[in-house]
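A short worksheet on the structure shown next.
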Amino acid sequence: MFGVLGLHFWSGLLHRSCRLTAQPLRFSPALAEGTCVGWCFDNASVVNVSDVPVNSSLVFQEFCQTNAQCLQSWQSGKDFILWPDAGQDRFCGEYRCEVQPVSSVPPSQLEVLRLLGSADTEITTTCGSSLASDPEYGPEVANSLLAGVNLNNWNTEVIGEARNWGITHFDNVAASFLVVFQSVTLEGWADVMNMVQDAQSTVVGFVYFLLLIVVGSFFLVNVILAIIWDVFLKVREQQLQERDEEEADKGTQEDVQDVPRRGRCACKDFVVQLFLRRNSTDVEKLLWEPSDHRAVRWARAIATNTMFNSGVMTMILVNVLVLSMDRYPEHLVAASVGEVLNYIFNIVFLLECMILHVAVGPMVYWADNAMAFDGVIVLLSVVDIVSDLASGADGGGSAITALRAFRMLRIFKLAKKFPSMKILLTAGVKTLMSMGDFVALLFLIICVFALMAQSFFGGTFMFHPEDGSLVPVQDYRTRCPMGPGEKPICVPRAHFDTFLWSFITIFQILTGENWNTVMYDGMRATGWVATLFFLFVVLFGNFVILNLFLAILMSNFDEQRSKLHEAMESRRELTRAELRDRDRWAWDSNAMPLVPRASSNPRVALPDQLAASLQTKHRGYPEWNSGRTEMLQRARGDVASGPSFSSPGTPSFGGPACVSWRSQPLIR
């Protein structure tokens with residue numbers, strides 16, 4: 001639809017260009033016969049141009065003899081019509097051609113332009129089209145005698161990288177489709193919009209491309225992603241169902257339990273814990289557990305201290321702020337202060353690492369992914385400091401100073417302080433680790449496309465560095481000398497001459513970056529048939545493969561995040577269950593606090609706060625509910641005798657004046 005609209009709006013308009021002369025020049029071998037119309041020239045006669053005699057040999061030498069197509073047509077005895085281009089990068093129409101300084105053309109050409117009335121103190125340029133079908137700027141508008149006449153080189157005269165070498169136009173449906181497809185990929189669409197705005201109308205061009213980008217790129221391309229996502233989920237669900245059916249048919253279920261055997265070597269246990277049972281220990285829970293060793297108790301008390309954790313977090317943020325202030329060339333004072341602060345940060349982080357090693361032990365520390373990541377960062381920082389101290393003032397150029405870049409990784413230490421950030425970071429890492437099969441598939445696809453492109457376009461991307469014209473293969477040794485890097489100067493950076501550069505160029509096309517420029521070079525080198533290869537690479541590689549990668553990434557990320565959420569919720573439920581079981585054991589084992597009789601010490605009474613706590617703390621226990629009301633009444637009144645429970649074996653308030661607690665108070 002948009003291709004047909006572009007065909008109706010701008011067919012033939014992207015041939016408008018600013019010209020050096022007021023009308024086309026016609027070089028005719030039969031000038032002496034008097035049948036030539038327009039501004040006619042040969043290589044010997046004197047002709048009148050606007051009642052001014054002009055030596056046509058000067059015009060012939062300047063404009064026809066330097067044009068290979070014109071010279072070939074002249075030698076074959078045919079007329080050749082051309083309209084010298086002013087070399088301005090923009091199409092004309094709504095854009096008005098500008099005057100040019102006389103220094104913009106060679107002196108010999110300036111002399112001819114003065115004879116033709118186009119130059120004086122400045123060069124006056126005229127907007128003209130190479131097509132007779134253009135009603136506003138065609139050759140007939142400049143000279144009525146040229147009605148129905150097209151320029152001989154109308155399809156190749158628009159050149160220049162700024163105008164996409166004349167490839168971008170709306171003259172037919174195929175060219176319109178190519179422009180629309182390129183715009184949908186969001187690559188170079190603004191340049192095409194600027195072209196049609198210069199040639200016709202700013203408003204029409206803006207509205208057209210606004211609708212094209214919104215409908216084609218923002219909507220339809222994302223619909224493709226949704227379709228791929230839906231198909232991926234269906235295929236994955238079908239595979240899971242088939243696997244479940246196979247397992248049900250076999251009647252086997254794998255139940256792998258890693259039970260450590262006695263008598264194993266401690267080194268082997270360490271390896272198993274470090275590599276096979278990673279993240280198997282709840283570090284947060286371990287930090288709150290008591291220990292028989294005084295050093296471990298002190299280390300755990302410091303590691304769980306709020307002030308200590310807040311100070312470490314502040315150090316991380318200040319460290320990132322200091323690193324973000326680096327610049328080149330660096331200020332001497334700022335560099336000295338930064339180095340001192342870096343030593344302080346390293347000491348603080350090293351101290352934290354040592355405290356955690358004592359608190360949880362080296363095995364648990366390095367088996368936990370988050371702590372192991374912090375440990376690696378600390379070790380790199382220590383290596384950085386040691387290398388600086390060892391190299392002294394001359395160590396700035398050492399390769400080991402590249403380790404300073406790893407200081408920025410310290411910001412990820414904040415993940416330990418924010419559970420939501422830790423979940424996202426962990427899910428992202430696990431998702432990337434599960435993408436190995438797809439990465440291998442992507443690598444194979446890029447290799448296949450690279451080999452195909454190398455066979456299609458190898459040795460053909462050779463363009464003159466000055467005018468961008470295609471250099472024939474037989475002339476490249478004389479016109480393309482070797483440049484730096486053992487590469488001819490006429491070969492662009494993105495090419496397919498070697499497998500390495502073919503691989504790099506294909507990867508560039510898959511990412512959508514400047515792929516249209518590579519396609520233009522392929523079309524200039526081999527023709528329009530090259531578009532089929534580039535369209536296939538973009539459609540299959542970019543729209544399908546990379547969107548499939550995004551679908552797999554989203555699915556795996558959502559799955560990993562759900563697993564982490566479930567694991568954290570299971571831990572919370574387990575902790576709550578342990579607390580309930582411990583309190584239940586305390587009440588069932590008569591380990592509840594008893595108070596003295598009122599008659600023995602009338603000043604002692606059960607506080608309302610303790611009564612309210614007793615009322616709510618064990619609301620879920622049936623054996624307590626039966627005597628709860630009576631107990632609270634007696635607690636606030638005469639507590640000489642305890643509540644009478646219906647179930648045997650429950651505690652009572654009779655007995656001595658005071659009964660001691662168990663190990664510690666149960667109601668805090």
Side-chain angles (χ1 to χ4, degrees), residues 2-3 5-7 9-19 85-95 97 127-131 134 151 153-200 202 205-206 208-209 212-213 216-217 457 460-471 490-495 505 508-509 512-535 537-538:
F2 284 98
L5 287 176
L7 179 63
F9 287 155
W10 301 300
S11 59
L13 296 188
L14 295 185
H15 294 274
R16 296 175 176 177
S17 183
C18 295
R19 313 288 177 169
D85 192 276
Q88 298 184 16
D89 293 336
R90 301 175 64 174
F91 292 99
C92 59
E94 184 171 286
Y95 167 73
C97 294
C127 182
S129 175
S130 59
L131 298 178
D134 193 327
L151 301 186
N153 58 341
W154 67 269
N155 57 340
T156 59
E157 63 145 6
V158 178
I159 59 174
E161 186 177 1
R163 295 186 285 187
N164 294 340
W165 307 102
I167 296 174
T168 300
H169 58 80
F170 295 88
D171 294 348
N172 52 67
V173 175
S176 299
F177 173 81
L178 183 61
V179 174
V180 170
F181 180 81
Q182 171 191 332
S183 302
V184 166
T185 62
L186 297 180
E187 191 63 29
W189 70 271
D191 296 334
V192 181
M193 182 182 68
N194 295 335
M195 292 178 186
V196 298
Q197 286 178 333
D198 288 342
Q200 189 199 45
T202 301
F206 170 72
Y208 175 88
F209 281 91
L212 175 60
I213 297 303
S217 183
F457 308 106
T460 60
F461 280 25
M462 293 181 293
F463 309 100
H464 199 275
E466 295 181 1
D467 56 7
S469 60
L470 180 65
V471 177
C490 60
V491 176
R493 180 179 292 273
H495 58 85
T505 306
Q508 171 190 336
I509 295 173
E513 177 59 31
N514 214 23
W515 73 270
N516 57 316
T517 302
V518 184
M519 181 184 66
Y520 296 154
D521 291 342
M523 295 171 65
R524 293 164 59 202
T526 60
W528 275 80
V529 70
T531 58
L532 299 177
F533 174 79
F534 290 99
L535 291 180
V537 173
V538 174

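Proximity of R163 to L14: side-chain heavy atoms (C-beta onward) are nowhere separated by under 4.5 Å. For the pair L535/F177, a side-chain contact is recorded, criterion being any heavy-atom separation below 4.5 Å from C-beta on.
Of all heavy-atom pairs between C127 and G93, the closest is SG-N, 3.9 Å. Between V196 and G205, the shortest heavy-atom distance links the atoms CG2-CA, 4.2 Å. When all heavy atoms of T526 and V529 are compared, the closest pair comes out as O-CG1, 4.1 Å. Closest of all the heavy-atom pairs between S217 and L186 is OG-CG, 3.3 Å. The minimum heavy-atom distance between Y95 and Q88, with the atom names listed, is OH-OE1, 3.5 Å. When all heavy atoms of A494 and V518 are compared, the closest pair comes out as CB-CG2, 4.0 Å.
Atoms CG and OG1, on N516 and T531 in that order, are 13.5 Å from each other to the nearest 0.5 Å. Between N164 atom CG and M519 atom CE the span is 8.5 Å, to the nearest 0.5 Å. Taken from CZ in R16 to OG in S129, the straight-line distance is 7.0 Å, to the nearest 0.5 Å. Taking CG of D521 as the reference point, atom NE2 of H495 lies at 11.5 Å (rounded to 0.5 Å). Atoms OG1 and OH, on T168 and Y520 in that order, are 3.5 Å from each other to the nearest 0.5 Å. Taking CE of M195 as the start and CG of D89 as the end, the distance is 9.5 Å to the nearest 0.5 Å.
Centroid-to-centroid, the aromatic rings of F534 and F457 come within less than 6.0 Å. Between W165 and F463, the gap from one ring centroid to the other reaches at least 6.0 Å.
With E513 contributing its side chain and Q508 its backbone, the two residues share no donor-acceptor pair below 3.5 Å. When atom types are taken as modelled, the side chain of Q182 and the backbone of E187 share a donor-acceptor pair closer than 3.5 angstrom. Formation of a donor-acceptor pair under 3.5 Å by the D171 side chain with backbone atoms of G12 is found in this model.
Looking at residues two or more places apart in sequence or on another chain, you find a salt bridge (charged side-chain N to carboxylate O under 4.0 Å, His left out) between D198 and R90.
Between F170 and W10, the two ring planes are tilted [angle within 30° to 60°].
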(request) Start with the C-alpha gap between L178 and M523, add the side-chain angles, then the distance that decides, and say whether side chain to side chain contact (heavy atoms under 4.5 Å, CB included) holds. (result) CA-CA 12 Å; L178 183 61; M523 295 171 65; 4.1 Å; yes

(request) Any chance you could lay out the side chain to side chain contact (heavy atoms under 4.5 Å, CB included) test for V538 and F181, step after step, and finish with the verdict? (result) CA-CA 10 Å; V538 174; F181 180 81; 3.7 Å; yes

(request) Please lay out, stage by stage, how F209 and V192 fare under the test side chain to side chain contact (heavy atoms under 4.5 Å, CB included). (result) CA-CA 9 Å; F209 281 91; V192 181; 3.6 Å; yes

(request) Check the pair C18 / C97 against disulfide bond (SG atoms under 2.5 Å apart), numbers first and verdict last. (result) CA-CA 6 Å; C18 295; C97 294; 2.1 Å; yes

